[in-house]
Amino acid sequence: MRRKRRPKHPRFDPDLGLSRVPLAGQLDLHGLTVAEAESAVRGFIDRSRRRQPGAVVLIITGKGKASAAGPVLRPAIQQLLKTKLSGYVEEWALDDSEGAFRVRVR
């Protein structure tokens, strides 16, 4: 007797693009300094990967239009995802709004 395969839950299906996957959570960094934002992102990614490995989360940085010197948080968080958090992150991409990152945790 053959068992029926259960369809994969879209949140954990690595074959789906990040923009098509339901979000498991989000973190809004508006109003934080770079140091506060980096600390918040580290904790958020760590909690997310322990609760739901493979889940996709949204990290909202904003576009940086309110900053006199231009975007500050977005480049800092992008660098954090590329380097220090690369072992905890399966993949990431700038959201369509360009003011957030969609991140699939390991």
Got a second to check how far [X]'s [atom1] is from [Y]'s [atom2], nearest 0.5 Å?
| X | Y | atom1 | atom2 | value |
| --- | --- | --- | --- | --- |
| Arg42 | Arg47 | CZ | CZ | 13.0 Å |
| Thr61 | Glu98 | OG1 | CD | 10.5 Å |
| Leu80 | Leu73 | CG | CG | 11.5 Å |
| Gln52 | Arg104 | CD | CZ | 12.0 Å |
| Asp95 | Leu18 | CG | CG | 9.5 Å |

Can you pull the ring-ring contact (aromatic ring centres under 6.0 Å, His included) pairs that have at least one residue in residues 38-92, sequence neighbours excluded? Trp92-Phe101

Run the salt bridge (Lys or Arg N to Asp or Glu O under 4.0 Å) test against [X] and tell me which residues pass, sequence neighbours left out.
| X | answer |
| --- | --- |
| Arg51 | none |
| Arg74 | none |
| Asp46 | Arg49, Arg50 |

Please, which pairs that meet side-chain hydrogen bond (donor to acceptor under 3.5 Å, both in side chains) have at least one residue in residues 75-87, sequence neighbours excluded? none

Do any pairs count as a side-chain hydrogen bond (donor to acceptor under 3.5 Å, both in side chains) and have a residue in residues 30-40, sequence neighbours left out, and if so which ones? Asp28-His30, Thr33-Glu36

Can you list the residues that meet the side chain to side chain contact (heavy atoms under 4.5 Å, CB included) rule with Ala40, with sequence neighbours excluded? Leu27, Leu29, Leu32

Which residue is it: Ile45, Leu58, Ile77, Leu23? I am looking for the one with a side-chain contact (heavy atoms from CB on, under 4.5 Å) to Val103. Ile45

Quiz: residues 62-70 side-chain donor-acceptor pairs under 3.5 angstrom, not counting sequence neighbours:
from	atom 1	to	atom 2	distance (Å)
Lys63	NZ	Ser97	O	3.4

